[in-house]
Amino acid sequence: MNRAEFIQILQQEGYPDPVEVKQTPNGSLGEHTHPFAVKALVIDGSIEIAIQGNRKTYSAGDVFELELEESHSESYGPTGVTYLASRNY
């Protein structure tokens, strides 16, 4: 999926405009939650998200979603990750 397609989907689903997020190469965040739901498009690099022991890697063009307060951890690829994230409070 490209940026324009992603933004169109966000608008159709009532999500706010996304913000660009960059994470460092080989970085990680341990188990945590967010006080919002997230829909995000990876635009560069990769991110691995683990939810209840299930790990999935997302790369450029992939979309990932997290529910409100969904417990998860994150790991970033060797070049880090850049993604567009829309946060639905």
Margin query: Tyr58: which residues meet the side-chain hydrogen bond (donor to acceptor under 3.5 Å, both in side chains) condition with it, sequence neighbours left out?
Written below: none
Check: Is there a path from Val19 to Leu66 through hydrophobic residues (I, L, V, M, F, W, Y) whose side chains come within less than 4.5 Å of each other?
Finding: yes
Checklist line | Transitive ILVMFWY side-chain link Tyr15 to Ile9, under 4.5 Å | finding: yes
Check: Roughly how far, to the nearest 0.5 Å, is the CD atom of Glu74 from the CZ atom of Phe64?
Finding: 6.5 Å
Check: How would you list, by chain and number, every residue that makes a side-chain hydrogen bond (donor to acceptor under 3.5 Å, both in side chains) with Glu31, sequence neighbours excluded?
Finding: Ser71
Notebook entry, point to check: So which heavy atom on Asn26 is nearest to which on Pro78, and how close?
Noted result: OD1-CA, 3.4 Å
Check: For Ser28, which residues count as a side-chain hydrogen bond (donor to acceptor under 3.5 Å, both in side chains) partner, sequence neighbours excluded?
Finding: none
Notebook entry, point to check: Under the side chain to side chain donor-acceptor pair (under 3.5 Å) rule, what pairs show up with a residue in residues 79-89, not counting sequence neighbours?
Noted result: none
Item checked: Leu84 reachable from Val21 in the ILVMFWY side-chain graph, under 4.5 Å edges -> no
Note to self: What I'd like to find out is whether the side chain of Ser73 reaches to under 4.5 Å of the side chain of Leu29, using heavy atoms alone.
What the structure shows: no
Notebook entry, point to check: Looking at residues at least two apart in the chain, or sitting in another chain, which of them share a side chain to side chain contact (heavy atoms under 4.5 Å, CB included) with Glu5?
Noted result: Met1, Asn2
Taking only distance into account, with no hydrogens and no angle test, what donor-acceptor pairs under 3.5 Å do side-chain atoms of residues 34-57 form with protein atoms, sequence neighbours excluded?
unit_1: His34; atom_1: NE2; unit_2: His32; atom_2: NE2; d: 3.3
unit_1: His34; atom_1: NE2; unit_2: His72; atom_2: NE2; d: 3.3
unit_1: Lys39; atom_1: NZ; unit_2: Glu13; atom_2: OE1; d: 2.5
unit_1: Lys39; atom_1: NZ; unit_2: Glu13; atom_2: OE2; d: 3.4
unit_1: Glu48; atom_1: OE1; unit_2: Arg55; atom_2: NH1; d: 3.1

